Amino acid sequence: MHKDLKLFTELAEFLISEEENNPVAIPIDTKILYETIDIELGDEPTIDDDFKETLKDIIKSTPKTASKAFFNQLFGGRISRATLGDLLAVMLNNSMYTYKVAGVQVGIEKVLLQKICERIGYGNNSDGTLAPGGSMCNYMAMLMARDAFDANARNEGVSRKMIAYTSETSHYSVTKNASFVGIGRHQVRSVKTDDHGKLLIEDLESQIQNDIKNGYHPFFVNATAGTTVLGAFDDVKGISKICKTHNLWLHLDGAYCGSVIFSNQYKHLVDGIELTDSFSLNAHKMLGTPLGCSIIVTNDKKHLYQSFSNDADYLYQTDDDAFNLGKTSLQCGRRNDALKLWTLWKSVGNFGLEKIVDHQFHLANVARDYIKSNSDYTLYSFDDSISVCFNYKGISAKTLCTKLYEHSKLMVGYGSFRDDTFVRLVTINTLVEEKDMISFFKTLEDFVDSEDL
Ligand SMILES: *Cc1c(COP(=O)(O)O)cnc(C)c1O
């Protein structure tokens with residue numbers, strides 16, 4: 001192990017220098033991937049020097065998500081204290097299902113969950129778990145809602161037309177999950193949105209009324225804190241009123257921007273969050289931990305047990321159930337995703353998490369101000385969003401983003417809302433400073449000039 005730890009340090013240093021010197025890796029066309037880089041597997045072992053060189057080649061060619069030229073996704077950057085925690089979790093290699101096997105790591109996960117529940121104003125019965133991704137958190141929420149609505153569904157299956165509601169701009173996992181849950185994709189209603197991509201409450205209400213009239217059974221509403229394209233926040237309070245009236249489960253999908261709960265300045269964007277039945281967030285998005293760190297909490301832990309516990313005598317042999325986390329998780333064996341958020345949180349404190357979140361909004365403001373002050377740009381996004389959507393000189397966003405990538409200049413993606421397609425700049429990398437934000441635009445402008453786009 002000592003030898004490989006040394007090698008790891010060397011490779012990690014190499015990666016960091018690559019991120020600085022070649023922030024966008026040269027893309028390899030899939031047609032020539034296997035000829036370009038030695039990733040085939042064979043019968044013979046590889047000698048150490050070749051092994052190291054191959055690993056370096058792989059590092060060189062892998063897209064650099066922690067560089068200051070990466071704005072492509074809803075994650076990016078690297079916060080070293082969080083990465084440290086994840087590296088430790090790999091070395092420790094616990095599975096989180098029992099206290100016997102994970103010990104203090106269980107305590108660490110429980111502390112995280114408890115702090116998040118407290119922060120959003122859930123009561124004493126609240127609890128949560130970590131899942132392999134925000135999509136799976138949404139899946140768990142829908143499952144708990146299904147079982148809360150129909151206690152027989154777990155054993156007998158779904159027998160009625162159960163209807164779920166989510167906005168047309170919400171994450172695609174909501175529809176996908178409806179098939180896993182057994183209610184079927186066609187039972188997911190797409191609720192209209194306003195010009196900012198926020199769920200329209202009147203449309204929600206009228207679709208619910210309509211479904212009830214037709215003898216269907218509404219059971220679940222998904223609201224979003226930070227929609228995937230525009231970064232819009234649904235009105236949780238308003239939606240909650242409707243959910244209470246019709247007795248529907250309200251889940252808040254905060255995968256992208258749910259971490260605003262850590263900011264005094266921005267937590268108002270999820271006003272009413274304490275009224276939800278479940279809430280999820282991806283710490284690997286706004287909080288900058290390594291992938292994945294997806295957390296779901298629910299106001300009443302009985303739902304977690306109702307939907308996810310199975311008796312397994314071979315597994316649960318010691319300790320009380322509250323510390324045997326396998327009783328409330330989707331998986332059986334489960335990676336320790338909690339430690340990386342804990343090492344970050346422990347080292348920077350609540351104030352540090354707040355700074356991380358606030359900085360992203362600050363960068364978005366810097367970017368929006370730049371765009372507003374330059375008539376070659378058209379802005380499509382709104383205040384209080386860290387997705388800054390724009391077009392430049394009327395150039396097709398798809399062409400621009402693709403060419404910027406092919407020429408190893410920047411990694412940035414594009415998105416659509418209604419009839420517009422635009423570049424979507426995501427200001428989620430907290431290592432980015434104001435000057436890097438400005439140089440993003442300068443790089444883009446110089447590139448357009450030089451390529452005559
Ligand atoms: C990213 C995202 C998800 C999915 O999270 P994964 O971890 O990629 O599964 C769900 N909802 C929203 C709003 C997201 O932005």
Side-chain angles (χ1 to χ4, degrees), residues 63 65 70-77 82 86 128-143 145 164-181 188 190-191 193 196-199 220-236 239 250-261 266 269-270 273 276 278-297 329-331 334-335 337-338 340-341 357 360 364 381 384-389 413-417 424-429:
T65 64
F70 184 81
F71 300 94
N72 204 82
Q73 231 63 45
L74 304 182
F75 68 91
D86 212 12
T129 184
L130 281 83
S135 302
M136 289 296 109
C137 288
N138 290 345
Y139 176 45
M140 294 184 81
M142 200 184 266
L143 274 171
Y165 304 82
T166 193
S167 89
E168 59 193 2
T169 59
S170 66
H171 194 256
Y172 72 86
S173 58
V174 179
T175 315
K176 189 167 151 180
N177 291 334
S179 77
F180 307 165
V181 170
V188 178
S190 173
V191 182
T193 55
H196 290 209
K198 279 185 187 201
L199 181 144
F220 177 80
V221 177
N222 177 79
T224 310
T227 56
T228 310
V229 174
L230 287 177
F233 290 82
D234 288 341
D235 169 10
V236 180
I239 296 171
L250 175 56
H251 173 64
L252 181 60
D253 174 6
Y256 182 14
C257 297
S259 298
V260 293
I261 59 169
Y266 293 100
L269 295 169
V270 290
I273 189 171
T276 60
S278 55
F279 164 67
S280 54
L281 69 95
N282 275 354
H284 62 260
K285 286 182 173 170
M286 269 192 137
L287 296 182
T289 71
L291 283 156
C293 189
S294 300
I295 296 166
I296 174 158
V297 287
S329 67
L330 193 59
Q331 310 105 291
R334 185 163 60 92
R335 197 182 181 281
D337 285 333
K340 56 192 139 189
L341 177 55
V357 172
Q360 293 162 11
S381 58
D384 293 337
S385 162
I386 63 164
S387 294
V388 182
C389 302
Y414 56 92
S416 303
F417 179 61
R424 183 191 61 167
L425 164 66
V426 184
T427 60
I428 206 156
N429 178 354

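Just follow the structure's listing: the first ligand is 1, and inside any ligand the first atom is 1. These numbers come from a predicted model, not from an experiment.
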May I have a table of the N/O to N/O pairs between ligand 1 and the protein that fall below 3.5 Å, each row giving the two atom names and the distance to 0.1 Å?
| unit_1 | atom_1 | unit_2 | atom_2 | d |
| --- | --- | --- | --- | --- |
| ligand 1 | 5 (O) | G134 | N | 3.3 |
| ligand 1 | 5 (O) | N282 | ND2 | 3.3 |
| ligand 1 | 7 (O) | G134 | N | 2.7 |
| ligand 1 | 7 (O) | N282 | ND2 | 3.0 |
| ligand 1 | 9 (O) | G134 | N | 3.2 |
| ligand 1 | 9 (O) | S135 | N | 2.9 |
| ligand 1 | 9 (O) | S135 | OG | 2.9 |
| ligand 1 | 11 (N) | D253 | OD1 | 3.3 |
| ligand 1 | 11 (N) | D253 | OD2 | 2.6 |
| ligand 1 | 15 (O) | K285 | NZ | 2.9 |

**Q.** With T228 via side chain to side chain contact (heavy atoms under 4.5 Å, CB included) - residues at least two apart
**A.** L74, H171, R424
Q) For V388, what residues pass the side chain to side chain contact (heavy atoms under 4.5 Å, CB included) criterion, not counting sequence neighbours? A) A364, A367, R368, I371, L379, S381, L425, T427
Q) Are any side-chain N or O atoms of T169 and backbone N or O atoms of T227, one a donor and one an acceptor, separated by less than 3.5 Å? A)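 Between the backbone of T227 and the side chain of T169 there is no qualifying donor-acceptor contact (under 3.5 Å).
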**Q.** Passing option when S173 is tested against T166, N222, N138 for side chain to side chain donor-acceptor pair (under 3.5 Å)
**A.**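 Single side chain to side chain donor-acceptor pair (under 3.5 Å) partner of S173 among T166, N222, N138: N138.
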Q | Geometric class of the F220/H251 ring pair [parallel <30°, tilted 30-60°, perpendicular >60°] | A |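 If you compare the ring of H251 with that of F220, the planes turn out parallel.
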Q | Residue list, salt bridge (charged side-chain N to carboxylate O under 4.0 Å, His left out) with K340, at least two apart or on another chain | A |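 Per chain and number, K340 pairs via salt bridge (charged side-chain N to carboxylate O under 4.0 Å, His left out) with D86, D337.
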